[in-house]
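Quick notes on the structure that follows.
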2 protein chains.
Amino acid sequence: MSNLEDVAKAAGVSRSTVSRVMNNEGYVSAATRARVLEAVEQLHYIPNHAARTLVTQRSNVIGVVMPSANVFFGDNSYFPMLLQGIAEAANPRDISMILWLGQANEDPEHFSQRITRNRLCDGLIIASIGYDDPLIPRLVDNVPYFVMVERPVQFHDRISYVTCDNVKGGQMATEHLIRNGRKRIAHITGRLDLADGQDRLVGYRTALERAGMAYDPDLVVEGQFSYESGYYAMKNLLAQNFDAVFIPSDTAARGAIRALEEAKLRIPDDVAIVGFDDLEDAARTNPALTTIRQPVQQKGAAALTLLLDLIDGKVENPYQVILPLQLVIRQSCGANLSQPMQNQGGVASNR
Amino acid sequence: MSNLEDVAKAAGVSRSTVSRVMNNEGYVSAATRARVLEAVEQLHYIPNHAARTLVTQRSNVIGVVMPSANVFFGDNSYFPMLLQGIAEAANPRDISMILWLGQANEDPEHFSQRITRNRLCDGLIIASIGYDDPLIPRLVDNVPYFVMVERPVQFHDRISYVTCDNVKGGQMATEHLIRNGRKRIAHITGRLDLADGQDRLVGYRTALERAGMAYDPDLVVEGQFSYESGYYAMKNLLAQNFDAVFIPSDTAARGAIRALEEAKLRIPDDVAIVGFDDLEDAARTNPALTTIRQPVQQKGAAALTLLLDLIDGKVENPYQVILPLQLVIRQSCGANLSQPMQNQGGVASNR
DNA sequence: GTGTACTGTGAGAACGCTCCCATGTCAAAT
DNA sequence: ATTTGACATGGGAGCGTTCTCACAGTACAC
């Protein structure tokens, strides 16, 4: 492997000049620059990342931390989409991305050690799902710069994060069902130890309140975001009398639909459904899901931008970014049946 | 940030001794070692990765390359599972993982530049899907050590890779349908420009041949691995007379099931189905899918191990690893209906 | 008592880069 | 004619490690 010195010799200049060319620093004549670039080409010179990092104290590598359970969280395209979003913001800035995945059954202490005993990254993005991961206090103490995706339940006043307006999302979903004449609207909640689950429930209650509708605790079943959870929560709900349900993820909605099918209930005629996420699953249910779209890629991109701004001192910790959500109307809510929308059927891809 | 020198001073020894302690090299007395470790603790000393890499010429970082389209390939848990597998092999060896994601519409030239102009990794794992990615020749020329996941259609005699025995897989699936008395077995193929798709088709034909059954081209529809593809391929197939179908992915099988439902055909009574992958989707169809299980995590772990062996000169390029596949019997094939298996129903998680 | 082998420790060089400072050139301003 | 300052280039120090070598001490065999 050639180094700066080799290139300098080949171009008949000094190491410093080659460095200036490589870093586009100016103060190099056009002729010299050309000669240097030619030598670089000829020798296949590539700057040594370690040497650069050593002197600049900046690696241009950021870490993405993902506890094991979260990788397979809810709709499985969540995690890839988030990474894609981070990458799209990182690439143009020449930032590389180290991935820290938790292992199944790995001690949080061990996991955090792996991450912190390794000053390899300039900062971290914690792709948490918003719960009180035991990792968080450890990171607060040991990592100078980090950003969370999703709001943690605790520490949220000391931590920088990016999240969506989940209260508003729950409200939008519920209001849409109200607008369409549903009278007994149920809610399968998300995990209530997570900020997301809590907030969406608050949104649901807010919508009912604003419409002057009574809050009936029997119509609220605590669930999670998974397919299985949706299935069993709906089984429980079937004892009640209801004509609509707001479900905290599209994947859970798939499970719930399965339970409704088994109970011979028709969607949306007997039960209208609004889901949440609008990732892979939403357009593939039968009928296609009305849902609240989460801008997952934007979340990733925003997290990266925020992290770099923190590192560069452009913003001060804690700094929070809250992204808007969007109602996507398809068939499961019973609205707009007269004017079906294009490309929102059950089979077309939603990407 | 403290460095070796600081620790040495605090412990009253030389830099060399601290280095020996940090690297567990021996030739340090127990007393000295204890004093050094205490100083390390006190100063929160963490070795500087860049400095270490600079002198050892070894970063202990490997890159995982994933072209954009592949991230969302087929069942979306494929990619996270693969990463998880790689991580599980990497963690105990203290190897970190850099993720190179292609962007949508990114020029392959640009993508490969991003990866190669950055000697940050000791080697690469190309998480391709086995097609002739234009990336491959570029990497062959520029990257000293890399391993592919899946066999590329070309270059396969010069490249190290890890794959599954897809021919055998296709054969197992088809033979299972034959054993269960099906007479007209169709096949929706995977992408035929991919080794996986090609091989599974070969397996299908081999099984028919061995059973003395005629190969009927009308029963073979070229498809892809996606949900949409499964749906439309099945729509096309419906014009034919068939009583079983082997589908190259569980996600495509979900699409095919949707088409069969719309055609009011019963599974497995009218049409028996065998899928492929056994990731997330398989256990969530109705009826649950009989399928060929792919050991995705093992593929990831094997790729990492192979890569490190190449780097360390323990094996010679090219070296190929072929992992076995396994038939998982559930309901969609119509077999074993009398003795249903535990935990293989449609709702229970398959993990 | 000398040679040999092993343990324990330290000093200096080297890895390949960036950054600071010194020096030289040349045109414009005084 | 001299000063000024922007441009162009080179040289040395330093980033924080590891690695090689040197050297002292101890133990044991002969």
Side-chain angles (χ1 to χ4, degrees), chain A residues 1-40 43-61 94 96 116-122 144 312, chain B residues 1-40 43-61 94 96 116-122 144 312:
Chain A
M1 273 275 62
S2 56
N3 59 22
L4 265 192
E5 203 73 51
D6 300 334
V7 177
K9 216 167 286 171
V13 296
S14 76
R15 207 181 50 230
S16 306
T17 301
V18 181
S19 173
R20 274 186 281 262
V21 171
M22 294 309 292
N23 295 294
N24 257 313
E25 276 182 12
Y27 294 104
V28 179
S29 71
T32 311
R33 162 180 231 85
R35 241 179 324 132
V36 168
L37 287 177
E38 195 181 343
V40 165
L43 296 174
H44 293 104
Y45 170 69
I46 296 168
N48 183 304
H49 182 262
R52 228 174 211 183
T53 302
L54 182 57
V55 52
T56 58
Q57 307 282 29
R58 182 85 182 250
S59 66
N60 288 316
V61 172
D94 259 310
S96 309
T116 52
R117 304 228 150 264
N118 200 331
R119 291 234 177 286
L120 189 46
C121 310
D122 295 333
D312 292 336
Chain B
M1 275 277 60
S2 55
N3 59 22
L4 266 192
E5 203 73 51
D6 300 335
V7 176
K9 214 168 285 171
V13 296
S14 77
R15 209 181 48 230
S16 307
T17 301
V18 181
S19 173
R20 274 187 281 262
V21 171
M22 294 308 292
N23 295 293
N24 258 313
E25 276 181 11
Y27 295 105
V28 180
S29 72
T32 311
R33 160 179 233 86
R35 244 179 322 132
V36 168
L37 287 177
E38 196 181 341
V40 165
L43 296 174
H44 294 104
Y45 170 69
I46 296 168
N48 182 303
H49 181 263
R52 229 175 211 185
T53 302
L54 182 58
V55 53
T56 58
Q57 307 282 31
R58 182 86 183 248
S59 66
N60 287 316
V61 173
D94 259 310
S96 308
T116 52
R117 305 225 149 266
N118 199 331
R119 291 235 176 287
L120 188 48
C121 309
D122 295 334
D312 293 336

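No experiment lies behind these values; they were computed from the predicted model shown. Chain letters run A, B, ... following the sequence lines, proteins first and then strands; every chain starts at 1.
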Inset, instruction - Would you please confirm or rule out a distance under 4.0 Å between OP1 or OP2 of C/dG10 and any side-chain N or O of B/Ser16? - result: no
Legend entry - Candidates D/dT18, C/dG8, D/dA8 - which lies nearest the side chain of B/Tyr27: C/dG8
Inset, instruction - Output the single nucleotide from D/dT17, D/dC19, D/dG12 whose closest atom is nearest the side chain of B/Leu4. - result: D/dT17
Inset, instruction - Please work out which residues in residues 44-60 of chain B have a non-hydrogen atom less than 4.0 Å from an atom of DNA chain C and list them by number. - result: B/Leu54, B/Val55, B/Gln57
Legend entry - Between C/dC17 (P) and A/Glu25 (CD): distance, integer Å: 14 Å
Inset, instruction - Write down the distance between CZ (A/Arg33) and P (D/dT9), rounded to a whole number of angstrom. - result: 11 Å
Legend entry - Distance-only polar pair, side chains of B/Thr32 and B/Ser29, donor-acceptor under 3.5 Å: yes
Legend entry - A/Asp6 CG to C/dC15 P, straight-line distance once rounded to whole Å: 11 Å
Legend entry - Euclidean distance, atom CE of residue A/Met22 to atom C1' of D/dT9 [Å, nearest integer]: 18 Å
Inset, instruction - Indicate whether OP1 or OP2 belonging to D/dT9 is found under 4.0 Å from a side-chain N or O atom of A/Ser29. - result: yes
Inset, instruction - Would you mind reading off the bend of the helix from C/dG1-D/dC30 to C/dT30-D/dA1 from its two end axes, five pairs each, to 10 degrees? - result: 50°
Inset, instruction - Spell out yes or no: do the side chain of A/Thr17 and the base of D/dA8 have one donor N/O and one acceptor N/O closer than 3.5 Å? - result: no
Inset, instruction - State plainly whether the residues B/Arg117 and A/Asp94 are in salt-bridge range, i.e. N to O under 4.0 Å. - result: no
